[in-house]
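Got a structure here, written out as structure tokens. Questions coming.
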2 protein chains.
Amino acid sequence: MQAEKIQTLERAIQILDCYTIDQFEMGVREVARLTGLSASVCSRLMAAMKDAGLLTQNPTTRAYAMGPRALRWAEIYSANLDIRNVALPVINELLLETQETISLYILDNDERLCVERMESAQNVRIVARIGRRLPLYAGSGGKVLLAYLPQHRQEEIIRKTDFKPFTSSTIIDPEQLRKELRQIRMQGYAFSNGEWVADAAGVAAPIFDHKGDVIAALTISGPGTRFTPEIIRRHVAAILQAVERISRDLGYIGNAYNQPQQNNPRY
Amino acid sequence: MQAEKIQTLERAIQILDCYTIDQFEMGVREVARLTGLSASVCSRLMAAMKDAGLLTQNPTTRAYAMGPRALRWAEIYSANLDIRNVALPVINELLLETQETISLYILDNDERLCVERMESAQNVRIVARIGRRLPLYAGSGGKVLLAYLPQHRQEEIIRKTDFKPFTSSTIIDPEQLRKELRQIRMQGYAFSNGEWVADAAGVAAPIFDHKGDVIAALTISGPGTRFTPEIIRRHVAAILQAVERISRDLGYIGNAYNQPQQNNPRY
DNA sequence: GAACGCTGTACCACAGAGTGGAACAAAATG
DNA sequence: CATTTTGTTCCACTCTGTGGTACAGCGTTC
């Protein structure tokens, strides 16, 4: 089942993964250094990827940058991700209502993956990036996804996790995390302040599919200074209403065995 | 310079390209048929791509669909496409003002490539798809890009083009196209009605970079029935104002040798 | 329920695709 | 002008990827 890796493919992916939002232009040699591949391999692979449109080459610098070819693939993936489609209009409304950045995360490979975001128009705002991967133990969205996982999966991930203190508020004690996850399950939403990025706060709530499984987390995030107790209360109410609508649109009918949020003041 | 193709890479790309918005789930054998590759090759490559996250596999059907891996690459490409970033807020305003679908196209490989779109919220609307490729000779956006190309490039593309009548309104006579392109250059914008999709009309205008080259086309599109002469006049005014702002934000200072739109009533 | 068609995957001998060190020209740097 | 660093090309070698075949599993169909 765990098939043999295709070397060429792995290497091509490795090369593309070198590029980031900040490091968006890199030469062959630099990529070779980062990947540990030989310069000739990188040169040939990257030239081929240029021909395919996966990379572009600056004619003067001769350095490479990301190309447009992946756009269509990403679009196809997104288009057929039905959570995203259902959530989109609700996210839009939530943005108008809260004036903060709204993001949608799904669980992918023991991490959370941002599949949609709409950014606040305010000058001071949280920028989210579609396609970005973040840890599960830091930030409200991550904690929500972790909290609603089946017990054994949750425990497995916590045990595997190498806790790093991104900020002074990051939860690095597994026992404290477990305690907080229990509380999140009880109240139906999560709150965080500066766990992943200092000064960034957020509230998050889980989205259920027709089977009653949690498949995504919706978050409202912004600078911590704007998250006063009164505002937090309003955001919690807004996000609970939003995830309720999305979950129902996905065919979620009630609460099977996830004993969630019915004893919460949702409206 | 035209390096030898990397077979494995080409094949992997070929496989991913089989998937579309409508055909988003396909089995190994079907992909093999479409690509002409052997089933074993497809199986192995696709299994590897699954491991990489480029594809996902439905555990019950065993069929494959697009995976999330390409999201990040697309995001990196988009993030560093400065036209798009500059255009985004203007597109947003244009959507609010016109209530029609707004799209941004760049020239890529003798075709136009949609790199951004915002959709009208109206029930009857044009749906655009980021990453989609369309021909240059049909539709307002394509004609604009073609019109502002250097003469020899324009001629080269027209000669290479295999004109297909997508609708009864599609321009398939090269001479008529040339005439229309000249007019577009003179008036600074393009209009089309049902050239690419019947019942779909649009207006488009060019975006210039700091060198005075046209790097993109912005379009307003919607059902032809809504495009009355009065509305068209309003949309033309709106889009000219929009491309003016975007071009200026990109460092476009005036009109170098592209002798464009200064003798038009822009405001 | 047997026979069929279909699926995705594992196997393995073989060919050739991809490798990587060295050599190259062209810029950039000192 | 020497030196370093860039991306690319070359070519003999090797190991990667190939594809025909076989297999197991699932639905239909007779």
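We name chains A, B, ... by the order of the sequence lines, and we start the count at 1 in each one.
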Worksheet entry | Closest listed nucleotide, where the reference is the side chain of Ala39(A) and the choices are dG19(D), dT8(D), dT19(C) |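 From the listed options, dT8(D) comes nearest.
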Discussion item. Counting only side-chain nitrogens and oxygens, does Arg11(A) get under 4.0 Å of the OP1 or OP2 atom of dG18(C)?
Written reply: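 Answer no for this pair, as no side-chain N or O of Arg11(A) is under 4.0 Å from OP1 or OP2.
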Discussion item. Side-chain N or O of Arg62(A) versus OP1/OP2 of dT8(D): is the shortest distance under 4.0 Å?
Written reply: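 For Arg62(A), the contact criterion (side-chain N or O under 4.0 Å from OP1 or OP2 of dT8(D)) is not met.
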Discussion item. Quick test of your reading of the model: are Arg153(B) and Glu156(B) salt-bridged, counting only N-O distances below 4.0 Å?
Written reply: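 So Arg153(B) pairs with Glu156(B) through a salt bridge.
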Practice prompt. Consider the side chain of Ser43(B), meaning its heavy atoms from C-beta on, and name the nucleotide among dT18(D), dT19(C), dG8(C) that approaches it most closely.
Written response: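 So the nucleotide nearest the side chain must be dG8(C).
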Worksheet item: Does the side chain of Gln57(A) get closer than 4.0 angstrom to OP1 or OP2 of dT8(D) through an N or O atom?
Response: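 Result: yes.
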Worksheet item: Do Ile215(A) and Ile106(A) touch side chain to side chain, with heavy atoms closer than 4.5 Å?
Response: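 No, every pair of side-chain atoms sits at 4.5 Å or beyond.
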Worksheet item: dG7(D), dT6(D), dC10(D): which one has an atom nearest the side-chain heavy atoms of Ser40(A)?
Response: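 From the listed options, dC10(D) comes nearest.
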Discussion item. Between Asp22(A) and Thr20(A), do the side chains contain a donor N or O and an acceptor N or O under 3.5 Å apart?
Written reply: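 Distance-only check fails for Thr20(A) and Asp22(A).
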Discussion item. OP1 or OP2 of dC11(C) versus the side-chain N and O atoms of Arg44(B): is any pair under 4.0 Å?
Written reply: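 Negative; the distance criterion is not met.
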Worksheet item: Mapping Gly27(A) and Ser38(B) onto DNA chain D by nearest heavy atom, which one lands closer to the 5' end?
Response: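 It is Gly27(A), whose closest nucleotide lies nearer the 5' terminus.
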Worksheet entry | Residue Tyr64(B), side-chain heavy atoms: nucleotide from dT18(D), dT8(D), dT9(C) that is nearest |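 So the side chain of Tyr64(B) is nearest to dT9(C).
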Worksheet item: Where the side chain of Arg29(B) is concerned, which of dT8(D), dG17(D), dT9(C) is the nearest nucleotide?
Response: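 Side chain of Arg29(B) sits closest to dT9(C).
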Worksheet entry | Pair Glu75(A) + Arg132(B), salt bridge at N-O below 4.0 Å |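 A salt bridge is absent here (no side-chain N lies under 4.0 Å from a carboxylate O).
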Fill in: side-chain N/O Arg33(A) vs dT5(D) OP1/OP2, d < 4.0 Å
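Result: no.
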Worksheet item: Starting at the 5' end of DNA chain D and moving along, which residue's nearest nucleotide shows up first, Glu30(A) or Leu9(A)?
Response: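 It is Glu30(A), whose closest nucleotide lies nearer the 5' terminus.
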